[in-house]
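Everything below concerns the one structure shown next.
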Amino acid sequence: MIGILAVLLAWQLVAASGLVDKLFLPSPEGVWRAGSEQYARGILIKDLLASVGRVGAGFALSAAVSLPIGIAMGCSRVICQLLEPLMGLIRYMPAPAFIPLLIIYFGLGEEPKVLLIFIGTVFFNTLMIMDSVKFVPSELRETALTLGGQGFQIVTKVVAPFIAPQVIDTYRINMASAWNLVIVAELVAANEGLGKRISLAQRFLKTDEIFLGLIVIGLIGLAIDLSFRLLMRRACPWAN
Amino acid sequence: MHLSVSGVSKTFGSGSKAKHVLEDINLELDSGEFVALVGSSGSGKSTVMRLVAGLELPSSGTITVDGQPVKGPGSDRGMVFQKYSLYPWLSAAENVAFGMQLQGRPKREVNERTAYFLEVVGLSDAGRRLPRELSGGMQQRVAIARALAADPKVLLLDEPFGALDLQIRETMQEFLYQLWERTGLTALLITHDVEEALLLAQRVHIMAPRPGRIVRTVEGKLDRRDLSFLRLSAPFLELREELANYLRVLDSTMG
């Protein structure tokens, strides 16, 4: 907290001193003004909702797909050997490199942006969930078997609750990439969104709006991170 | 109930990597009996336990419960592991209820039996606590209650007190003996501790390593009315010393 305040203060001092051209370094006050103006015109909220909506849709899809596949890969050696080499390869293809292909396939609407976030996070999510399944102590599975548990019960009653904290953490970590990707997607093609706003601001040399965009993006990222931590504390009190 | 292990051998892997772990194991267990398997590490005693539990299958020979061959794990053979076997996200009471819920018993029965078995192991007040809030000894008592609540025909105890401090071990041994007297359970105990085996079991099988096999069986006819007294009595100490020496010799010649 003190660190942030110190940076703000330094920023204010440098900007007020006039040492740096206003075009390169707007004052905190200027950024605040840009923010209030965008808020008043309704742009800020609209951009914010657009970006958050894309991240939400793409990441929800990724989370929903990666959970069962990750668990299946962790539980079954056959499924793991079938999918892991493929995923290991695709994982290293940078997601933004898929943008041209996605635009050819789906045009310039919402689908390519949501799918970009999906592609960029689903393999990491899946592989990390798979890994967490491998850490379920064999005693916990075997105890359930000797208590009369049957195949699928082991997954729902032992594996799933055990990996819950790691799954939440996986989502928290990979959410950061989702947030990166939405900005990249909007820089390329979009009508609204925080990334789009930054790229427009660049065209008109409005550095104050670029600063505003960066700060808002950072704050939302922070808020998402904190909510995942809160979720973890609420949902898995045993894991702390 | 009659558990029979006859002519069981076990080899892990195949070809040049094959590891012959057990050779011709024979043992019998009837309702109400407490039998122990004693051996050093590498004697394959835990493998015997896993075979009886159905977590592994024998390479040859048969294991039957009431004449039915064991084909996999089942709730008729409850197991207590050395450690890490409580579900960390469930409270003590929920852990005890876990097996009964897997079996799909009615909720009311589950609640009643959970309360009963928590009381049996002396943890009625600790039902709401998470495993990490319980001492090692309490955790093992919850694990035993959980196994018993699932109503097994035989309780398999794999070094249940192996991870506990000596002091607590003795208390737990007395607890287990009283539990056996009170509930008439049938138990197969695996341990490397000669004293523990002699103290608790009426019949003790001694195992030799590489490959694991039963080399001697002792019927311990001891007066068990007071275990702490028995621990220090001359005939007990004599037998304990003799068996401990026997195990040491086995280990040095086989190792």
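To find a chain, count down the sequence lines: A is the first, B the second, and so on, and within it residues start at 1. All of these numbers come straight from a predicted model, not from anything done at the bench.
Contacts between Arg50(B) and chain A at a heavy-atom distance below 4.5 Å involve the side chain alone, from C-beta outward. Looking at Ala144(A), both its backbone and its side chain come within 4.5 Å of chain B, counting heavy atoms on both sides. If you measure heavy-atom distances from Pro165(A) to chain B, you find no contacts under 4.5 Å at all. Heavy atoms of Leu86(B) lying under 4.5 Å from chain A belong exclusively to its backbone. Heavy atoms of Arg132(B) lying under 4.5 Å from chain A belong exclusively to its side chain.
Ranking Gly78(B), Gly99(B), Pro152(B), Ser75(B) against chain A, the residue ahead of the rest is Ser75(B), based on heavy-atom pairs under 4.5 Å. For the set Val158(A), Leu145(A), Thr146(A), the count of heavy-atom pairs under 4.5 angstrom toward chain B peaks at Thr146(A).
Annotation: Lys19(B), atom NZ; neighbour count of heavy atoms from other residues, nucleotides and ligands within 6.0 Å does not exceed 12. The environment of CZ in Phe12(B) is crowded: more than 12 heavy-atom neighbours from other residues, nucleotides or ligands sit within 6.0 Å. Around the CD atom of Glu109(B), the shell of radius 6.0 Å holds more than 12 heavy atoms that belong to other residues, nucleotides or ligands.
Residues Lys157(A) and Phe98(B) meet the side-chain proximity criterion, which asks for heavy atoms closer than 4.5 Å. Side chains of Gln82(B) and Glu139(A) form no contact here, defined as non-hydrogen atoms less than 4.5 Å apart.
In this structure, Leu147(A) CG and Met79(B) CE are separated by 11.5 Å, a value rounded to the nearest 0.5 Å.
Closest non-hydrogen pair, Thr143(A) versus Ser85(B), comes out as OG1-CB, 3.6 Å. Contact detail for Trp89(B) and Leu140(A): the closest heavy-atom pair is CZ3-CD1, 4.4 Å.
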